[in-house]
Amino acid sequence: RYMPRGNRRSSLKVDKDDSATILDPRLRFFKESAEHVAKQYGEEVVSCVADEDSNIKYLEVPDLSLQWCLGRKGFALGRILYVMGFEGSGKTSFSLWIASIAQKAGGIVAIVETEQASSSEHMKYYLEDTNSVRIFHPETIEDALKITNDTLDLFQKIDPENLMPKVIILDSIAGSSDERNEDPDTVGQQKIGGFSKVLKDFTNVIKNKLKKTNT
């Protein structure tokens, strides 16, 4: 898992005792492995289990079974969560439920809806305040990703201290159309893997913004 060097808390504690005097092989490995890696790559790349996730903020969930599945007390802010399933299996409802938790925590919610099938009645079942949720309706996946990126920039502007949890729902990847499909001259000419490349490039662009804005 990637962590910016400045954010990782190093637990490297190297004393002046000779490693050879440590009799327990486990403790000796713990000490010498840290010394070896830190010498080549820097202390900031070394940590122990006790320090992992120590700098991550969470959108806590009340459901104990979901906490058990996640292995955490909630969803880690600053991460991308892919929700996959068959049509009608509850992907949108689950996403709206996450958004409602963010609202209850005093956070911000935005929805980038590419399927042109949003329902205000559906959203009212989950969202506490539908009047404070902005919905965007781009025609292509490229526009959807640009709007998502711009929204992250706005999050940083209006909450520079990153005090509020934020959720952006992109609904959905599978239901999106790319620019080639919208152009009569290039319809049906998508390259194999082209869609995945768009998402990969986009992920590389926004991953730091997600962490900085607690989204």
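Because the structure is a prediction, the values reported are computed rather than measured. Every heavy atom of this structure was used, including side-chain atoms; hydrogens, water molecules and symmetry mates were not.
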Closest approach of [X] to [Y] (non-hydrogen atoms, all atoms of both residues):
{"X": "Gln103", "Y": "Ser132", "result": "NE2-OG, 3.4 Å"}
{"X": "Gly42", "Y": "Val45", "result": "O-CG2, 3.1 Å"}
{"X": "Gln67", "Y": "Pro62", "result": "NE2-C, 4.4 Å"}

Note to self: Tell me if the CD atom of Gln40 is crowded by more than 12 foreign heavy atoms within 6.0 Å.
What the structure shows: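 Yes, because the 6.0 Å sphere around CD of Gln40 holds more than 12 heavy atoms from other groups.
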
Next item on the list: Give a yes or no on this: more than 12 heavy atoms of other residues, nucleotides or ligands lie within 6.0 Å of atom NE2 of His36.
Entry: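 No, the 6.0 Å shell around NE2 holds no more than 12 heavy atoms from other groups.
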
Between [atom1] of [X] and [atom2] of [Y], what distance do you get to the nearest 0.5 Å?
{"X": "His122", "Y": "Thr130", "atom1": "NE2", "atom2": "OG1", "result": "13.5 Å"}
{"X": "Leu154", "Y": "Ile108", "atom1": "CG", "atom2": "CD1", "result": "8.0 Å"}
{"X": "Lys212", "Y": "Lys207", "atom1": "NZ", "atom2": "NZ", "result": "12.5 Å"}
{"X": "His137", "Y": "Asp143", "atom1": "NE2", "atom2": "CG", "result": "14.0 Å"}

Margin query: What verdict does the side-chain contact (heavy atoms from CB on, under 4.5 Å) test give for Ile168 and Leu210, after you've listed the backbone C-alpha separation in whole Å, the side-chain angles of each residue and the deciding distance to 0.1 Å?
Written below: CA-CA 10 Å; Ile168 298 180; Leu210 290 171; 5.8 Å; no

Checklist line | Donor-acceptor contact present, side-chain Lys73 to main-chain Tyr58, <3.5 Å | finding: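 Checked: no pair found.
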
Notebook entry, point to check: Is there a donor-acceptor contact under 3.5 Å from the side chain of Lys91 to the main chain of Phe86?
Noted result: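 Such a contact is found between Lys91 side chain and Phe86 backbone.
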
Taking C-beta and beyond as the side chain, do [X] and [Y] meet within less than 4.5 Å on heavy atoms?
{"X": "Asp159", "Y": "Asn214", "value": "no"}
{"X": "Thr92", "Y": "Glu115", "value": "no"}
{"X": "Ser89", "Y": "Met84", "value": "no"}
{"X": "Thr148", "Y": "Phe202", "value": "yes"}
{"X": "Pro138", "Y": "Val112", "value": "yes"}
{"X": "Gln156", "Y": "Asn162", "value": "yes"}

Margin query: Under 4.5 Å between side-chain heavy atoms, counting indirect links through other Ile/Leu/Val/Met/Phe/Trp/Tyr residues: same cluster for Val37 and Phe29 or not?
Written below: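 Per the 4.5 Å side-chain linkage, Val37 and Phe29 are not co-clustered.
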
Next item on the list: Using the side-chain contact (heavy atoms from CB on, under 4.5 Å) rule, take Val205 and Leu145 through it: C-alpha gap first, then chi angles, then the decisive distance, then the call.
Entry: CA-CA 10 Å; Val205 169; Leu145 299 181; over 6 Å; no

Notebook entry, point to check: Under the 4.5 Å side-chain heavy-atom rule for ILVMFWY, direct or indirect, which residues accompany Leu127?
Noted result: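 Under the 4.5 Å side-chain rule, Leu127 groups with Leu59, Val61, Leu66, Leu70, Phe75, Leu77, Leu81, Val83, Phe94, Leu96, Trp97, Ile98, Ile101, Val109, Ile111, Met123, Tyr125, Tyr126, Val133, Ile135, Val167, Ile169.
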
Notebook entry, point to check: In this structure, which one of Asn149, Thr215, Thr151 forms a side-chain hydrogen bond (donor to acceptor under 3.5 Å, both in side chains) with Lys209?
Noted result: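 Among the candidates, only Asn149 passes.
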
